[in-house]
There are 2 protein chains.
Amino acid sequence: MKDFHGTKVTLEEVAQAAGVSRATASRVLTSDPRVSPDARRAVERAASKLGYVPNQAGRALATGRSDAVALVVFEPTTLLFGDPFFPRLIRGLGDVLTSRDMQLILLAPQTASDADRVERYVAAGHVDGALLVSLPSAHPLPARLASRGIPVVIGGRPTEADRFNHVDVDNVAGSARAVAHLVAGGRRTIATVTGRKDVPAGQDRLRGYQEGLKAAGLPADDALIEAGDFTRDGGARAMRFLLVKRPQLDAVFVASDLMAVGVLEALHQAGRRVPEDVAVVGYDDDPMAIGLQPPLSSVRQPIEEMGREMARLLLDAVHSPDRPPRKVLLTTRLEVRFSSAPVASKPTGEAV
Amino acid sequence: MKDFHGTKVTLEEVAQAAGVSRATASRVLTSDPRVSPDARRAVERAASKLGYVPNQAGRALATGRSDAVALVVFEPTTLLFGDPFFPRLIRGLGDVLTSRDMQLILLAPQTASDADRVERYVAAGHVDGALLVSLPSAHPLPARLASRGIPVVIGGRPTEADRFNHVDVDNVAGSARAVAHLVAGGRRTIATVTGRKDVPAGQDRLRGYQEGLKAAGLPADDALIEAGDFTRDGGARAMRFLLVKRPQLDAVFVASDLMAVGVLEALHQAGRRVPEDVAVVGYDDDPMAIGLQPPLSSVRQPIEEMGREMARLLLDAVHSPDRPPRKVLLTTRLEVRFSSAPVASKPTGEAV
DNA sequence: AGACGTCGTGAGAGCGCTCTCGGTGAGAGC
DNA sequence: GCTCTCACCGAGAGCGCTCTCACGACGTCT
């Protein structure tokens, strides 16, 4: 069964060993049904005896496909590896890709020249299509790839939403839901620490917050909005500003759990109790949320599902290139924990 | 300059547009010096005008090389993405790979069948060689790949150390150094929380601890050794056991920073002050070490350098396949912080 | 002036595979 | 007994590239 050679085995040799032509051997290996059981068995035995593995380059050249897709992540590697988002996304992608025997290739361009490399890499036919995530807004790459006829799927909301396949999480609805929950818990002065305003997720979560307030009939107040940057320290800083500007606030919606850690610290330092004085809801449902003091309520995104959906969209696009771009919107779920427990004094049932 | 077509451009078309033969065009693109300036210019202009990108499959088939290497990580994706080791390793690898215009392909086999996939992937010529890290001991993959004539470099200490190229960090020396530092700080009853005994790093760090004690003339005491598992909770548990078995201990050498977090928690809960009552030194110099209470002394490994060295070894092996396996041992550095400050009462200068 | 590089070039083979096309033999249908 | 499927198979083209080889055009040396 095992091979003990150092030299490459070709299909020709397998065919010879099996006593058939190269064409028949190829048919067996591509599981073409038009082969007799005898021939099939002979080829399979010869292949396994010789330790044959089809040469990827030859196959790719003949078929025009590579059976691989690229996941292009526009994020510094340090962040990439710290962020629990990616293992979940990759698991989702893997679910559908491995079932179709396709490889996932991770590319993390760090610089502008890296991005050019990625374009060349993809255009060179290394992969059959590209999945793009955390794409800076108005980045030229998707249009470039599309102009080369390469299937593309974007994770998140792209700038020109209609031109490309994309799957997004409904950040607006998720955030509005979080605010509604705070309102239902008897909170009335609800602040927010936003994400970066230059990324769609940041924008959408802010919009959701505003819509949530409006839906509850609460007044908009710009002093209740403070910009964060998706970092822990940024969250702490924003929270300190909020406490100065609006000391009477009784709840905060934070656009990411990482920032929420900073928020909790700042509240603790300021002597505010959570959730008695101030309720906090985060976003992302980071695994650490459950371990925080107090355990953090958070909006959970269906990341695995997002991965699965992205992979499906891409495979469809590879298979039928002329299909118009599609958009998939996934819904979130609010994980309620102690950090947003209702105020004890005031009755809960006022709203919702 | 920009292209505006959806169809693939071939070298033939570039050659035609430039008014030269395919051979000359190819020479330009492979930067063969034997081309006249005129022809070179013409080809370059035609290529950029048509947005030409060489087809990888064609090139690979003709050259037998793919200009890519695989980084095979035997680790669950969740751990992979949580571990600060990998971004540092990848940065180091990238340093030398990108300078040679080679791609890094990340493979993270999760199951036994995934490992088979990896073997096939590599054997199919997708990559010119493989870098293997956190390889379970006695895993068959390196031998399998080697028998196929595929260059391999292992990160860490492989089971059959002499058969394969590998680069390792001197865990023994690093651990011994940490113990020496504790001794120099006036500590005399030094415990250790080990890593997993089934991985080389765990074994070596324990050995370094033992050698450090012996070098200082301190007695070996098995009750001062408690097995951890490289997790935070495992560290806390091990520390609690140690406190029961040897309440008089005045220092702990912990085989990883993550476990050290648990150790610090357990010590805090037990009412021991760090470093006044118990000094602690960790391993890995995780970025969080500096943010702990108190800031954690830790053994820093030259991970980036390890990556660079691995890449160099692999490229050498790709270039000259018959070279015998080489071994590179890298040294560590001890980052001294407050968690291992010397005891105030006893004078420091007793040893070293 | 002839012999001998050197330089730039094109023709063409060949890398390992898939896939179309045409052919062969066995069985079904008349 | 003849044709007509139909299942199976082999020959061979061709995917896009690199690289060897041979060749013409110069320059140089004797």
Side-chain angles (χ1 to χ4, degrees), chain A residues 7-44 46-47 50-68 101 120-126 128 148-149, chain B residues 7-44 46-47 50-68 101 120-126 128 148-149:
Chain A
T7 138
K8 305 278 182 245
V9 184
T10 72
L11 186 57
E12 183 68 52
E13 305 176 51
V14 173
Q16 224 149 41
V20 300
S21 74
R22 205 172 65 246
T24 299
S26 172
R27 275 189 272 265
V28 172
L29 277 116
T30 52
S31 31
D32 188 316
R34 305 149 54 71
V35 183
S36 71
D38 279 1
R40 181 175 302 280
R41 241 191 320 273
V43 171
E44 277 164 355
L50 297 173
Y52 173 72
V53 175
N55 178 295
Q56 153 65 10
R59 174 172 282 185
L61 194 52
T63 59
R65 285 177 303 99
S66 67
D67 292 328
D101 247 302
R120 266 178 290 133
Y121 185 83
V122 174
H126 277 102
D128 297 333
R148 292 197 125 96
Chain B
T7 137
K8 306 274 179 253
V9 185
T10 71
L11 185 59
E12 182 68 54
E13 304 175 52
V14 173
Q16 222 149 44
V20 300
S21 74
R22 206 171 66 248
T24 299
S26 172
R27 276 189 270 266
V28 172
L29 278 116
T30 52
S31 32
D32 187 316
R34 305 149 56 71
V35 183
S36 71
D38 279 2
R40 180 175 304 279
R41 240 191 319 275
V43 171
E44 276 163 356
L50 297 172
Y52 172 73
V53 174
N55 177 297
Q56 153 64 12
R59 175 172 280 187
L61 195 53
T63 58
R65 285 179 303 98
S66 66
D67 292 327
D101 247 303
R120 265 179 288 134
Y121 184 83
V122 174
H126 277 102
D128 297 333
R148 292 197 125 96

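Since we're looking at a predicted model, the values are computed, not measured. We use all heavy atoms of the structure for the numbers below, so side chains are in, but hydrogens, waters and symmetry mates are not. Throughout, protein chains are lettered first and strands after them, A, B, ... in sequence-line order, and every chain is numbered starting at 1.
Residue contacts for A/Ala39: at a heavy-atom cut-off of 4.0 Å it reaches the sugar-phosphate backbone alone, with no base atom in range. A/Ala60 comes within 4.0 angstrom of nothing in the nucleic acid, heavy atoms only.
Along DNA chain C, the nucleotide closest to B/Thr63 and the one closest to B/Val20 are compared, and the more 5′ of them pairs with B/Val20. Each of A/Ala23 and A/Pro33 has a nearest nucleotide on DNA chain D; the 5'-most of these lies closest to A/Pro33. Heavy-atom distances to DNA chain C give each of A/Ser26 and B/Ala62 a nearest nucleotide, and the one nearer the 5′ end belongs to B/Ala62.
Distance from the side chain of A/Arg27 is smallest to D/dG10 among C/dT9, D/dC15, D/dG10. Distance from the side chain of A/Arg59 is smallest to C/dT18 among D/dG16, C/dT9, C/dT18. The side chain of B/Arg22 approaches D/dC17 more closely than any other nucleotide in the set D/dC17, D/dC9, D/dG12. Between C/dA11, D/dC9, C/dC17, one nucleotide has an atom nearer to the side chain of A/Arg34 than all others, and that is D/dC9.
Here the NE2 atom belonging to A/His126 is positioned 7.5 Å from the CG atom belonging to B/Asp67, to the nearest 0.5 angstrom. The structure places OG1 of A/Thr30 at 7.0 Å from CZ of A/Arg59, a figure rounded to the nearest 0.5 Å. Taken to the nearest 0.5 Å, the CD atom of B/Glu13 stands 9.5 Å off from the OH atom of B/Tyr52. Taken from OG in B/Ser66 to CG in B/Leu61, the straight-line distance is 12.5 Å, to the nearest 0.5 Å.
We find that CZ of A/Arg40 is positioned 13 Å from C1' of D/dA7, with the value rounded to whole Å. Between the P atom of D/dA11 and the CG atom of A/Leu11 lies a distance of 14 Å, rounded to the nearest Å. The separation between A/Leu61 atom CG and C/dC19 atom P is 12 Å, rounded to whole Å. Taking atom CG of residue B/Asp38 and atom C1' of nucleotide C/dC7, one finds them 14 Å apart after rounding to whole Å. Atom CZ of A/Arg41 is separated from atom C1' of D/dC8 by 15 Å (rounded to the nearest Å). Following rounding to the nearest Å, A/Leu29 (CG) and C/dC19 (C1') show an atom-to-atom distance of 15 Å. Between the C1' atom of D/dT18 and the CG atom of B/Asp32 lies a distance of 10 Å, rounded to the nearest Å. One interatomic measurement links the two molecules: CG of B/Asn55 to P of C/dC15, which rounds to 18 Å at whole-angstrom precision.
The pairing partner recorded for C/dG29 is D/dC2, the criterion being a Watson-Crick or G-U wobble arrangement whose two distances lie under 3.5 angstrom. When both distances must be under 3.5 Å, the Watson-Crick or G-U wobble mate of D/dG14 is C/dC17.
Although no hydrogens or angles enter the test, the distance criterion places a donor-acceptor pair under 3.5 Å between the side chain of B/Arg148 and the main chain of A/Gly51.
Listed pair A/Ser36 / D/dC9 meets the phosphate criterion, a side-chain N or O lying under 4.0 Å from OP1 or OP2. At least one side-chain nitrogen or oxygen of B/Thr24 sits closer than 4.0 Å to the OP1 or OP2 atom of C/dG10.
Exactly one of A/Val43, A/Val14, A/Leu11 qualifies for a side-chain contact (heavy atoms from CB on, under 4.5 Å) with A/Ser26. That residue is A/Leu11.
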